[in-house]
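Input: a single structure, listed below in structure tokens.
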Amino acid sequence: MRFEGTKDYVATEDLKVAVNAAITLERPLLIKGEPGTGKTMLALEVAKALGAPLIEWHIKSTTKAVQGLYEYDAVMRLRDSQLGDARAADIGNYIKRGKLWEAFEATERPVLLIDEIDKADIEFPNDLLQELDRMEFYVYELNRTVKAARRPIVMITSNNEKELPDAFLRRCFFHYIRFPDDDTMRAIVESHFPGVKTRLVNEALKIFYDMRKVPGLKKKPSTSELLDWLKLLLTDDVDPETLKQRDPAKLIPPMHGALLKNEADVMLFERLAFLARRENRGGG
Amino acid sequence: MFQRFFTELRAARVPVSLKEYLVLVEALEKDAIPPNVEDFYYLARATLIKDERYLDKFDRVFGHVFKGLENTVDAVNAEIPAEWLKALSEKFLTDEEKAQIEALGGWEKLMETLAERLKEQKERHEGGNKWIGTGGTSPYGNGGYNPEGVRIGGQGKGQGRAVKVWDKREYKNLDDQVELGVRNIKVALRRLRKFARTGAPDELDLDGTIAKSAREGYLDIVLRPERRNAVKVLLFFDIGGSMDSHVQLCQELFSAARAEFKHMEFFYFHNCLYESVWKDNRRRHDEKTATWDVLHRFPHDYRVVFVGDATMSPYEITYPGGSVEHWNEEPGALWLQRVAQIYERCVWLNPTPRQHWDHTPSIQLVREIIGDKRMFPLTIEGLDGAMRELSR
Ligand SMILES: Nc1ncnc2c1ncn2[C@@H]1O[C@H](COP(=O)(O)OP(=O)(O)OP(=O)(O)O)[C@@H](O)[C@H]1O
Ligand SMILES: [Mg+2]
């Protein structure tokens with residue numbers, strides 16, 4: 001079981017080493033990196049490459065750790081029993097399995113994605129330590145232990161909204177996805193648009209990396225925005241020459257809305273372009 | 001070799017534990033990687049480092065241990081040819097920064113300062129620790145000049161050869177934290193955590209209520225404290241200038257605070273708050289944020305914490321154009337007033353010992369503006385007081 005990247009996903013050397021170490025040593029892998037650098041997609045692709053089932057647990061600010069194990073719907077049971085429903089006799093009818101339970105009892109070794117763990121309460125990771133360590137937990141209501149036959153491949157992503165506790169970190173491998181450099185980005189583009197014209201990519205990437213340098217942007221465009229933008233350029237069959245133009249009157253690249261998702265950023269960018277234009281006119 | 005690597009990481013204050021070291025050994029035993037140094041580097045990194053802020057330190061230690069780079073205080077201290085420094089400066093310093101260096105007395109003077117700094121560090125790091133921590137010299141950079149930065153790329157040796165991955169120092173910009181090593185900072189962290197938990201309402205414990213009701217035979221409502229931390233904090237750090245001797249303390253507080261809050265945002269300023277602030281001190285000249293934007297973006301229920309010595313010429317606070325660095329249209333006092341008006345809960349932590357406050361006019365001025373009782377010394381006690389003030 002080795003992960004070597006897929007045709008849809010470009011994995012750098014260091015990422016592959018981290019993923020494979022996590023698989024071999026059966027420990028969770030924590031992935032961080034700027035938004036849109038492929039953290040979530042990685043888990044999907046690892047599952048695909050290994051032919052393993054994927055179990056996704058998307059964390060929200062209200063998610064509690066126990067929900068990953070199971071939830072006992074006591075209210076429903078109380079109601080049923082008052083209505084004389086026979087189902088109420090079996091407590092098992094009111095136990096809802098969580099994602100961890102699902103992963104532990106999967107027939108094949110699955111990939112378990114815990115996406116955006118930093119969204120939850122700061123205690124959340126601590127509350128999962130035992131379960132992730134031993135890959136088992138006890139269900140009081142049923143009086144039995146749920147135990148993983150084979151430790152699932154656990155991939156956890158974080159957007160750095162909160163720091164994670166040390167005890168949790170010590171149990172994980174860690175990889176920080178660096179923002180792709182020019183070469184890696186070209187490979188990513190190629191994986192999405194096989195055979196795309198090099199000239200178009202050259203010009204588009206130049207604009208893209210320049211745009212990332214604009215100070216004060218609330219959200220710098222990232223890989224996913226670049227791909228969206230390229231798609232529009234390709235659909236409209238935009239000529240690379242148009243992108244090359246540094247004519248101050250046309251400083252704003254075509255369809256820049258795909259790169260800047262934030263209204264304030266679009267305004268900032270347009271203002272900068274306007275100023276540059278004015279300067280140019282004044283100077284020329 | 002590994003053991004030395006491990007101890008040197010610890011000496012560089014990268015928080016690695018024995019547990020992680022054992023995992024690395026286990027991984028090697030299980031042949032998790034093919035036997036070459038680059039894969040070993042990646043594996044060791046994924047195993048030992050858990051936070052991108054330490055990646056750069058890791059790279060430096062790795063390069064040092066596995067390449068035998070003479071990356072010690074002694075070697076650096078010995079002699080750095082001025083020509084070499086200059087050549088590097090062309091690469092890494094902006095024109096503005098170069099001008100600043102000239103203003104400081106040029107390269108000769110700078111060399112002296114560098115030597116002095118390193119000597120200071122050496123004294124502080126006694127006990128066999130040869131690594132230059134990010135300790136004394138600010139990893140945030142200091143007016144653009146940072147001795148760490150000068151040593152990028154490995155001491156002239158590497159020229160003409162392919163640069164090893166760990167020598168590329170790609171994570172340099174992420175190292176915004178020093179480890180919480182000092183004992184009292186741990187205490188501070190605990191206090192801050194307590195503060196972060198305040199203000200969270202109780203929630204109904206449904207399961208508890210049902211279990212208890214079932215046992216008691218009547219409806220018995222059980223409440224438990226909501227664990228989600230509710231406090232939102234906006235931090236402003238004074239960086240550069242007269243704060244330099246306090247920068248480390250400041251950073252440690254920063255590290256301590258970051259882990260604990262629902263929302264936490266920080267900005268840097270220099271001496272006094274003016275019309276713009278910034279987030280990355282290395283790029284302070286081209287990546288500024290308008291202070292108005294900050295005041296608009298963060299609602300008034302944010303708690304504001306300033307960390308600064310408030311020690312400067314009074315003109316820097318009271319006059320337009322008083323800033324030492326740029327032309328400010330509006331006086332700093334006005335900006336401080338705006339903050340104090342918008343944010344009901346606002347404190348100022350000052351590393352200057354309490355007994356000097358009364359003799360320093362600028363401190364007096366700041367206290368008048370933000371409120372006399374809102375400035376606290378940067379000590380555990382002061383921190384406690386400040387947090388109590390914020391959670392009133
Ligand atoms: N290495 C890569 N190879 C191929 N495509 C990539 C790569 N990295 C990112 N992408 C593209 O970028 C898109 C966004 O990736 P993804 O949603 O996984 O990012 P993320 O890091 O999880 O972002 P967020 O932090 O916003 O959740 C993917 O759908 C994919 O199209
Ligand atoms: Mg994602």
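Reckoned from all heavy atoms, side chains included, excluding hydrogens, waters and symmetry mates. Chain letters run A, B, ... following the sequence lines, proteins first, then strands; residues in each count from 1.
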With chain B as the partner, which of L78(A), L15(A), V17(A) has the greatest number of non-hydrogen pairs under 4.5 Å?
V17(A)
Taking all non-hydrogen atoms of both residues into account, name the closest pair between S17(B) and R170(A) and its distance.
OG-CD, 3.1 Å
Roughly how far, to the nearest 0.5 Å, is CG of L55(B) from NE2 of H175(A)?
9.5 Å
Taking NZ in K19(B) as the centre, count heavy atoms belonging to other residues, nucleotides or ligands within less than 6.0 Å. Is the count above 12?
yes
Quick one: CG on D14(A) to CG on D39(B), what's the gap to the nearest 0.5 Å?
10.0 Å
Which answer fits E26(B), side chain, backbone, both or neither, if we ask what part of it has an atom under 4.5 Å from a heavy atom of chain A?
both
Working to the nearest 0.5 Å, report the span between CG of L164(A) and NZ of K50(B).
11.5 Å
Taken to the nearest 0.5 Å, the spacing of I177(A) CD1 from E52(B) CD works out to 11.5 Å
Say you draw a straight line from CD1 of I49(B) to OH of Y176(A); how long is it, rounded to the nearest 0.5 Å?
14.5 Å
For V23(B) and F173(A), the nearest pair of non-hydrogen atoms, with its separation, is CG1-CZ, 3.7 Å
Name, in order of residue number, those residues of residues 18-34 of chain A that have a heavy atom at a distance of less than 4.5 Å from a heavy atom in chain B; otherwise write 'none'.
A18(A), A21(A), T24(A), L25(A), R27(A), K32(A)
